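The structure under discussion appears below in the form of structure tokens.
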Amino acid sequence: MAAGKKVYAVAVGRKPGIYHRWDLAKAQVYGFPGARYKGFAVEQEARAWLAEIAAGGGAAAGPSSRRSPAGKPARKPQAAGPPPDGPEGVVTIYTDGGVQGNPGPGGYGVVQLYNGESRELAGGFRLTTNNRMELMACIVALSELEHRDKPVRLYSDSSYVVNGINKGWAVNWRRRGWRKSDGQPALNRDLWGQLLDLLAERQVEFYWVRGHAGNHFNERCDQLAVASARRPGLPVDVEYEKTITAR
């Protein structure tokens, strides 16, 4: 096997087995419900992983009971779809958030990608805003990050979030006591503060991605967010409801 090439082990798919080309492995897992697969540097590791799955062990053997901060079941050891196209050793994250009406019931979705594996996180609130759910998606993604020693590339279709970080808006708002340059209060200070604190502990780069433009992972995050917003019995977005009560 040439240096830098990966071996793909498909545990659950149309035809489980070992594949030395992604296009062949992809044909087994893409669009297959509950597909499980993983990329490895050497075939021996791939076969050992398959044997572990067959024996019922290993982290990828079944769903975890871990929940997102909003209390929703969140983990999928493997999700069908293409592998991350990010550089080796970098965690790739896609996030999205939205509401039914604005404000209204809201949800967020996260897809984390690393080393050929994917993990999904989702949750929602009974009354919130679109921007708050976009921020919450990033907060949950970084709070629940498994590979915290790895650099992260986070893709969001929210200009509010990406510009708030990359253009230094949020840092300046906090420096001015959560005031904008015109003296008006900066909205969502509670979530911006949480996000800035998380970024201080991690190496994260933010990238804007166009929403609803055919990106598989962005579309998946949107599906998770929409489904979460429609669930009954959603928890209270306490800080947001405090602000509207005080008006």
Side-chain angles (χ1 to χ4, degrees), residues 33-38 59-84 86 90-100 105-126 128-158 161-162 165 188 190-192 194-195 197-199 201-202 204-207 209 211 215-237:
R36 291 185 190 171
Y37 64 93
K38 188 174 181 180
S64 165
S65 61
R66 180 181 298 183
R67 293 172 176 263
S68 71
K72 298 300 179 184
R75 185 177 178 82
K76 287 189 178 180
Q78 297 292 339
V90 174
V91 179
T92 301
I93 295 176
Y94 285 85
T95 66
D96 196 19
V99 298
Q100 298 180 36
Y108 60 82
V110 176
V111 177
Q112 295 181 353
L113 303 158
Y114 183 72
N115 195 28
E117 294 188 86
S118 68
R119 180 187 181 207
E120 295 181 350
L121 302 162
F125 296 89
R126 71 179 189 184
T128 188
T129 69
N130 184 74
N131 283 341
R132 287 184 68 80
M133 290 300 91
E134 296 281 9
L135 284 166
M136 181 59 73
C138 298
I139 291 168
V140 170
L142 297 178
S143 297
E144 297 289 309
L145 191 62
E146 290 187 324
H147 305 280
R148 299 190 179 188
D149 59 327
K150 305 296 183 183
V152 174
R153 289 189 176 186
L154 191 152
Y155 293 85
S156 169
D157 61 12
S158 169
V161 171
V162 175
I165 296 301
N188 307 314
D190 59 315
L191 299 184
W192 279 116
Q194 291 180 52
L195 182 55
D197 288 345
L198 287 166
L199 294 178
E201 302 170 354
R202 294 159 177 73
V204 184
E205 294 178 348
F206 278 73
Y207 295 87
V209 61
N215 182 290
H216 173 81
F217 297 115
N218 174 262
E219 297 288 353
R220 179 57 182 157
C221 288
D222 178 70
Q223 293 170 3
L224 292 169
V226 170
S228 295
R230 291 175 175 170
R231 287 176 180 147
L234 291 173
V236 176
D237 183 348

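Quick caveat, the model's predicted, so the values are computed rather than measured.
For Gln100, the side chain to side chain contact (heavy atoms under 4.5 Å, CB included) partners are Pro105, Ala229, Arg230, not counting sequence neighbours. Listed by chain and residue number, Asp96, Glu134, Val209, Asn218 satisfy the side chain to side chain contact (heavy atoms under 4.5 Å, CB included) test with Asp157 (two or more places apart in sequence, or in another chain).
A distance of 10.0 Å separates NZ in Lys38 from OH in Tyr114, rounded to the nearest 0.5 Å. One distance of note links CE of Met136 with CG of Leu191; it measures 5.0 Å at 0.5 Å rounding. One distance of note links CZ of Phe206 with CG of Leu195; it measures 5.0 Å at 0.5 Å rounding. With values rounded to the nearest 0.5 angstrom, Leu198 atom CG is found 7.0 Å from Ile139 atom CD1. Here NE2 of His147 is found 8.5 Å from CD of Gln112. Values are rounded to the nearest 0.5 Å. The CG atom of Leu135 lies 9.5 Å from the OG1 atom of Thr128; values are rounded to the nearest 0.5 Å.
Side-chain contact between Gln223 and Arg220 is present, with heavy atoms from C-beta onward closer than 4.5 Å. Residues Ile165 and Trp192 are in side-chain contact: their nearest non-hydrogen atoms beyond the backbone lie under 4.5 Å apart. Side-chain contact between Val204 and Ile93: absent, with no pair of heavy atoms (C-beta onward) separated by less than 4.5 Å. Looking at heavy atoms from C-beta onward, Asn131 lies out of side-chain contact with Met133 at the 4.5 angstrom threshold. The closest side-chain heavy-atom distance from Leu145 to Arg202 is below 4.5 Å. Considering only heavy atoms from C-beta on, Tyr94 comes within 4.5 Å of Asn215 through its side chain.
Between the side chain of Arg119 and the main chain of Glu144, a donor-acceptor pair closer than 3.5 Å is present.
Across every non-hydrogen atom of Thr95 and Cys138, the tightest pair is OG1-SG, 3.8 Å. Between Ser228 and Gly124 the shortest heavy-atom distance is CB-N, 4.3 Å. Looking at every heavy atom in both residues, Gly98 comes nearest to Asn130 through CA-OD1, 3.3 Å. When all heavy atoms of Val111 and Cys221 are compared, the closest pair comes out as N-SG, 3.6 Å.
Pairs of residues two or more places apart, or lying in two chains, never qualify as salt bridge (charged side-chain N to carboxylate O under 4.0 Å, His left out) while including a residue from residues 106-116.
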inquiry  = Could you walk me through whether Arg126 and Asp237 satisfy the side chain to side chain contact (heavy atoms under 4.5 Å, CB included) test, starting with their C-alpha distance in whole Å, then the side-chain angles of each, then the deciding distance to 0.1 Å, before giving a yes or no?
reply    = CA-CA 7 Å; Arg126 71 179 189 184; Asp237 183 348; over 6 Å; no
ask   = side chain to side chain contact (heavy atoms under 4.5 Å, CB included) between Arg132 and Asp190: does it pass, once the steps are laid out?
value = CA-CA 10 Å; Arg132 287 184 68 80; Asp190 59 315; 2.9 Å; yes
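Between Tyr108 and Phe125, the angle of the ring planes lies from 30° to 60°, which puts this pair in the tilted group.
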